[in-house]
Amino acid sequence: MRRSELFLPTLRETPAEAQIVSHRLMLRAGMVRQASAGIYSWLPLGMRVLRRLEQIVREEQDASGAQEILMPTIQPADLWRKSGRYDDYGKEMLRITDRHDRELLYGPTNEELITDILAADVSSYRDLPLNLYHIQWKFRDEVRPRFGVMRGREFLMKDNYSFDLDFAGARHSYNKMFIAYLRTFKRMGLQAIPMRADTGPIGGDLSHEFVVLADTGESAVFCDKALLEMKMPSAELDYDSDLQPVVDQWTSHYAATDELHVPEKCPVDEGRLVQGRGIEVGQIFYFGTKYSEPMGAVVQGPDGNRVALEMGSYGIGVSRLVGTIIEASHDDKGIIWPEAVAPYLIGVVNLKSGDGDCDRACNDLYGFIQRAGLSVLYDDRDERAGAKFADMELIGLPWRITVGPRGLKNGKVELQARAGGEAQEMSLDEIRNWVTAKAGV
RNA sequence: CGGGGCGUAGCUCAGCCUGGUAGAGCACCUGCUUUGGGAGCAGGGGGUCCUCAGUUCGAAUCUGGGCGCCCCGACCA
């Protein structure tokens with residue numbers, strides 16, 4: 001993409017409404033614009049990041065055997081009456097009336113809807129297990145939205161729902177998601193720590209929050225240092241094998257948010273206790289037959305008896321992750337995108353647009369990078385060098401290739417990593433080799 | 001939902017106290033000069049001063065209602 005053609009309205013100054021760094025940078029980098037309190041439009045740069053995150057989530061969900069569907073944002077109130085949550089949910093639920101005075105709501109989550117689908121179309125244990133997910137916008141009418149997309153009212157969430165015949169099956173489904181989540185966040189360049197979460201009235205130990213450490217996190221978290229040193233489950237790990245040992249390994253170390261943390265009872269000695277702030281980016285939850293029973297999602301088992309489905313639900317806050325990654329990865333100049341989620345991998349800066357040599361070298365390089373299959377943003381604008389550098393640093397592309405008349409006289413361009421380190425002078429051949437190698441990875 | 005603050009150009013803000021008909025910097029448009037860290041000069045465009053009502057000869061400015069947004073707290077992916 002040529003910068004001169006990209007809709008990328010960057011701001012030099014910080015809009016007054018933004019407080020935390022990710023919000024400020026997302027506005028300044030032209031990723032989002034606020035439509036209303038806690039409701040945002042996503043501009044091209046933000047959209048690309050959102051799509052990349054979605055895609056990682058999707059790939060890991062698919063790899064675990066979950067299947068993608070898409071449920072609507074607007075749901076009928078009657079379904080929620082069946083589960084009893086229409087009255088329980090309170091003012092956080094956005095209630096709507098259509099022209100026929102039918103009661104609708106903008107979904108804050110989808111348990112009712114999915115259970116209703118299963119109730120209608122699954123009737124035999126042979127149809128199980130099932131795990132269905134979708135990535136859809138949700139709405140929760142927070143009393144006080146804040147922190148930009150970190151705590152909006154409208155947000156993009158991946159949620160899925162597992163259905164099993166019995167508890168052992170449900171536990172296995174839960175374990176699959178546990179591992180899929182570890183892999184998903186890892187791929188995004190995040191260190192997410194699974195923490196035992198409150199399971200409410202259901203009880204049991206089958207709920208975990210995945211928390212990313214960041215100074216601006218909304219809650220205080222405590223964990224054993226060992227968790228930060230854990231190795232990801234091997235890529236060869238088969239989702240159909242017994243996953244319990246792996247999950248046990250991760251859950252054997254202490255980790256708790258401040259609600260569950262009691263200093264006096266903490267089993268980790270001071271030297272090994274990591275204290276920090278955390279952002280919750282995902283939660284997994286087993287809840288048995290809470291919805292399947294009232295909503296009639298039952299199957300006939302091998303013995304002929306009808307049993308309610310054992311269910312679990314699993315969420316990842318996709319739009320929140322955009323802010324989370326920025327919180328975890330930025331400096332005073334702007335965002336520093338991990339390669340896996342960057343809106344473009346490489347930025348090419350033409351220091352002297354209009355100069356024949358510079359234009360030619362940039363065009364060649366730009367085409368070469370594209371043909372190599374890498375994403376590239378080419379700043380071809382007639383702007384000052386400083387403005388281009390500042391802009392490039394703000395939007396945080398992992399790699400910058402600088403092409404200017406000075407270097408070009410000696411046949412050189414510069415390669416610089418946004419994450420730090422010295423700029424490297426390279427010949428045009430060398431930079432093409434670098435691109436080819438990068439594309440080969 | 002309690003407490004506080006704010007609403008003037010695309011952005012950051014001044015003007016309001018003490019009423020007299022709209023400002024700055026940045027951004028934008030035109031031209032010239034510039035070009036390795038957010039340029040210079042000249043010219044130009046752009047505002048229902050959140051909204052409604054009231055006071056007044058006259059309201060961005062004073063008074064009241066409403067709406068919106070932000071912050072702190074309680075609550076949440």
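In what follows, chains are A, B, ... by sequence order, proteins preceding strands, each numbered from 1.
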Tell me what [X] touches on the nucleic acid: a base, only sugar-phosphate, or nothing, going by heavy atoms under 4.0 Å.
| X | result |
| --- | --- |
| A/Gly354 | nothing |
| A/Ala385 | sugar-phosphate |
| A/Leu11 | nothing |
| A/Arg24 | nothing |
| A/Asp391 | base |

If we take the [atom1] atom in both [N] and [M], what is their distance in whole Å?
| N | M | atom1 | value |
| --- | --- | --- | --- |
| B/A74 | B/U55 | P | 46 Å |
| B/C75 | B/C17 | C1' | 40 Å |
| B/U48 | B/C1 | P | 33 Å |
| B/U56 | B/U21 | C1' | 15 Å |
| B/A60 | B/A14 | C1' | 12 Å |
| B/U63 | B/A22 | C1' | 23 Å |
| B/C6 | B/C16 | C1' | 14 Å |
| B/G45 | B/C50 | C1' | 24 Å |

[X] [atom1] - [N] [atom2] separation (whole Å):
| X | N | atom1 | atom2 | result |
| --- | --- | --- | --- | --- |
| A/Gln416 | B/G37 | CD | P | 14 Å |
| A/Leu351 | B/G38 | CG | P | 12 Å |
| A/Arg406 | B/G36 | CZ | C1' | 5 Å |
| A/Asp355 | B/G36 | CG | C1' | 13 Å |
| A/Asp382 | B/C29 | CG | C1' | 15 Å |
| A/Glu414 | B/G37 | CD | P | 11 Å |
| A/Arg381 | B/G38 | CZ | P | 14 Å |
| A/Lys352 | B/G37 | NZ | P | 13 Å |

Distance under 6.0 Å and angle within 45° of ring axis: A/Arg48 vs A/Tyr344: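 Judged by the rule (NZ or CZ under 6.0 Å from the ring centre, within 45° of its axis), A/Arg48 counts as positioned above A/Tyr344.
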Tell me whether the side-chain N or O atoms of [X] pair up with the base of [N] as donor and acceptor below 3.5 Å, since no angle test is needed here.
| X | N | result |
| --- | --- | --- |
| A/Glu383 | B/G38 | no |
| A/Arg28 | B/G10 | no |
| A/Glu13 | B/G10 | no |

Provide the Watson-Crick or G-U wobble partner of [N], both distances under 3.5 Å; none if there is no partner.
| N | value |
| --- | --- |
| B/U30 | B/A42 |
| B/C62 | B/G54 |
| B/C6 | B/G68 |
| B/G37 | none |
| B/G73 | B/C1 |
| B/C11 | B/G25 |

Should the pair [X] and [Y] be assigned to parallel (<30°), tilted (30 to 60°) or perpendicular (>60°) ring geometry?
| X | Y | result |
| --- | --- | --- |
| A/Tyr174 | A/Tyr314 | tilted |
| A/Phe287 | A/Tyr291 | perpendicular |
| A/His23 | A/Tyr40 | perpendicular |
| A/Tyr378 | A/Tyr366 | tilted |

Presence of A/Arg384 side-chain N/O under 4.0 Å of B/A39 phosphate oxygens OP1/OP2: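 Yes, within the criterion.
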Any A/Lys91 side-chain N or O less than 4.0 Å from OP1/OP2 of B/C1: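 So the side-chain polar atoms of A/Lys91 do come within 4.0 Å of the phosphate oxygens OP1 or OP2 of B/C1, strictly under.
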Partner set under ring-ring contact (aromatic ring centres under 6.0 Å, His included) for A/Tyr86, not counting sequence neighbours: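 Partners of A/Tyr86 by the ring-ring contact (aromatic ring centres under 6.0 Å, His included) criterion come out as none, since no residue qualifies.
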Heavy-atom side-chain contact between A/Phe185 and A/Thr324 under 4.5 Å: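 Result no, sub-4.5 Å side-chain heavy-atom pair not found.
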Min side-chain heavy-atom separation A/Asp116-A/Glu112 under 4.5 Å: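 Side-chain contact under 4.5 Å: no.
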Salt bridge present between A/Lys438 and A/Glu339 (N-O < 4.0 angstrom):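 The answer is yes: the pair qualifies as a salt bridge.
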Pairwise 5' ranking along RNA chain B for A/Pro15 and A/Lys412, keeping only the more 5' one: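 Nearest nucleotide further toward 5': that of A/Pro15.
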Residue pairs passing the salt bridge (charged side-chain N to carboxylate O under 4.0 Å, His left out) test where at least one lies in residues 12-31 of chain A, sequence neighbours excluded: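 Matches after skipping sequence neighbours: none remain.
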Protein-to-nucleotide contact annotation, 5' to 3' order, nucleotides 67-77 of chain B [B base; S sugar-phosphate only; - none; under 4.0 Å, heavy atom]: --SSBBBBBBB
